[in-house]
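These notes concern the structure reproduced below.
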Protein chains: 2
Amino acid sequence: METGKYRSSLQEKLARFEQACRKAGLKLTHQRLAVYRELAAATDHPSAEMLHCRLKSSLPTISLDTVYRTLTTLEQYGLVRKVETIESQARYEAEMHGHHHLICSRCKKIIDFHWPDFDEIPLPEGLGDFGRIRNRSVVLSGICRRCLEKKADA
Amino acid sequence: METGKYRSSLQEKLARFEQACRKAGLKLTHQRLAVYRELAAATDHPSAEMLHCRLKSSLPTISLDTVYRTLTTLEQYGLVRKVETIESQARYEAEMHGHHHLICSRCKKIIDFHWPDFDEIPLPEGLGDFGRIRNRSVVLSGICRRCLEKKADA
DNA sequence: CTATGTGCAAAGCGTTTGCGACGGT
DNA sequence: ACCGTCGCAAACGCTTTGCACATAG
């Protein structure tokens with residue numbers, strides 16, 4: 001997944017993050033920054049546990065609870081997004097722009113993709129009665145190449 | 001939500017269900033039939049607990065575990081579908097044809113809708129590299145009218 | 001009759017919370 | 001110095017599992 005183009009740079013994200021925290025009155029703790037940086041740098045939609053695991057090497061005292069709490073907090077402030085999944089473990093991402101997800105039903109890998117053609121088509125009529133629609137996202141599911149190959153082994 | 005048209009009749013579904021069970025070597029127990037019938041009759045994507053609650057009146061001895069187990073089994077055989085949600089509680093549906101979901105982020109109500117224009121547009125290029133794509137579904141989220149009105153109270 | 005499915009109770013897992021200590025601002 | 005945040009451990013809610021009994025085929 002290339003940087004640039006759609007994804008903004010890590011520096012930009014961090015800068016925006018710091019600004020947003022200040023504006024929201026959230027303290028800029030080492031832990032929060034670390035959690036955010038790790039998530040912003042990741043492209044694999046890590047879970048709280050995955051993030052905690054990665055963070056321990058650079059910040060050995062950070063606790064899993066803090067990661068949970070931080071993610072929950074950041075999500076409330078719209079700085080981070082929970083990915084729609086039917087898994088028991090929630091998965092997160094720092095990319096907030098409109099994009100969609102392709103999930104391998106076997107290994108649960110999540111791939112981001114953009115789909116401008118979809119973003120443009122109007123919603124079906126009649127949905128306006130529902131109320132206010134905020135977000136539209138596509139979830140594709142299937143089996144990734146790697147898993148298809150593994151299946152051959154079995 | 002009208003019966004007919006898109007949704008097939010309850011009888012049809014039940015008939016197909018019995019056939020599928022037989023083919024799969026699944027025993028047709030009262031409980032399984034009841035769980036399936038209740039789910040097929042529902043339009044609100046109930047959770048396991050909701051289903052259990054409704055079933056108790058007609059089948060007072062059925063246990064919550066059985067509902068869980070049945071739903072898991074049926075899902076494995078493709079007779080029932082788990083709805084993509086970020087909630088902690090899984091939600092189910094018996095409708096297996098292509099349709100999409102609109103979720104109220106406040107009250108968690110799920111609305112089905114059809115969107116032929118979407119179903120027709122081709123997937124973005126480059127996704128073919130992923131592997132095999134089985135399912136494409138749209139998840140819209142927003143706030144339903146009822147919740148918007150309630151907000152006025154607060 | 002035999003293999004599967006059920007009910008019960010207890011464990012499992014991801015996540016949240018209460019509390020005292022710590023550290024930004 | 002103060003309030004927000006952290007780490008720890010214990011609680012929580014949804015779901016799964018082990019075991020003995022019941023039941024469909």
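In what follows, every chain begins at residue 1, and chains take the letters A, B, ... in the order their sequences are listed. The shown structure was predicted, so the numbers you read here are calculated from the model rather than taken from an experiment.
Within 4.0 Å of H30(A), counting heavy atoms only, lie sugar-phosphate atoms of the nucleic acid but no base atom. T72(A) comes within contact range of the sugar-phosphate backbone alone, with a heavy-atom separation under 4.0 Å but no base atom that close. At a threshold of 4.0 angstrom between heavy atoms, the contacts of T73(B) with the nucleic acid are absent. Using a 4.0 Å heavy-atom criterion, one finds that R69(A) contacts the bases of the nucleic acid, with or without backbone contacts as well. Residue contacts shown for S47(A) are absent, as no nucleic acid heavy atom lies under 4.0 Å away.
A donor and an acceptor atom, one from each side chain of H114(A) and D119(A), are nowhere located under 3.5 Å apart. Side-chain atoms of E84(A) and H101(B) include no donor-acceptor pair closer than 3.5 Å.
Atom-to-atom, CG of D65(A) to C1' of dC12(D) comes out at 14 Å; the value is rounded to the nearest Å. Straight-line distance from the CD1 atom of I62(A) to the P atom of dC8(D): 11 Å, rounded to whole Å. One can place CZ of R32(A) at 19 Å from P of dC22(C), the figure rounded to the nearest angstrom. In this structure, the CG atom of L33(A) is 14 Å from the C1' atom of dG23(C), given to the nearest Å. Computed from coordinates, the K56(B) NZ to dG7(C) P distance equals 13 Å when rounded to whole Å. In this structure, CG of L64(B) is placed 14 Å from C1' of dT17(D), rounded to the nearest angstrom. Across the protein-nucleic acid pair, E49(B) atom CD and dC12(D) atom P stand 16 Å apart, rounded to whole Å. The separation between L51(B) atom CG and dT15(D) atom C1' is 15 Å, rounded to whole Å.
When the nucleotides dG7(D), dG14(C), dC8(C) are ranked by their closest atom to the side chain of S63(B), dC8(C) comes out on top. Comparing atom distances between the T70(A) side chain and each of dT15(D), dC6(D), dT15(C) picks out dC6(D) as nearest. For K27(A), the listed nucleotide lying nearest its side chain is dT25(C); candidates were dT25(C), dT15(C), dC14(D). Comparing dT5(D), dG7(C), dT15(D) by their closest approach to the side chain of A48(B) singles out dT15(D).
Contact annotation: Q31(A) reaches the phosphate of dG7(D) (side-chain N/O to OP1 or OP2, under 4.0 Å). Proximity of T29(A) to the phosphate of dC6(D): a side-chain N or O atom is located under 4.0 Å from OP1 or OP2. Between T66(B) and dG5(C) there is no side-chain polar atom (N or O) within less than 4.0 angstrom of OP1 or OP2. In this structure, Y68(A) reaches the dT15(C) phosphate: one of its side-chain N or O atoms is under 4.0 Å from OP1 or OP2.
Between E18(A) and R22(A), at least one side-chain nitrogen of the basic residue sits less than 4.0 Å from a carboxylate oxygen of the acidic one, meeting the salt-bridge criterion.
Atom CG of L26(A) sits about 12.0 Å away from atom NZ of K23(A), to the nearest 0.5 Å.
Along DNA chain D, the nucleotide nearest to S88(B) and the one nearest to L59(A) differ in position, and the one closer to the 5' end is contacted by L59(A).
Remark: the backbone N or O of H45(B) is paired with a side-chain donor or acceptor of R91(B) at under 3.5 angstrom.
Applying the 3.5 Å distance criterion, the base of dG25(D) shares no donor-acceptor pair with the side chain of R22(B).
For the pair L33(B)/F17(B), a side-chain contact is recorded, criterion being any heavy-atom separation below 4.5 Å from C-beta on.
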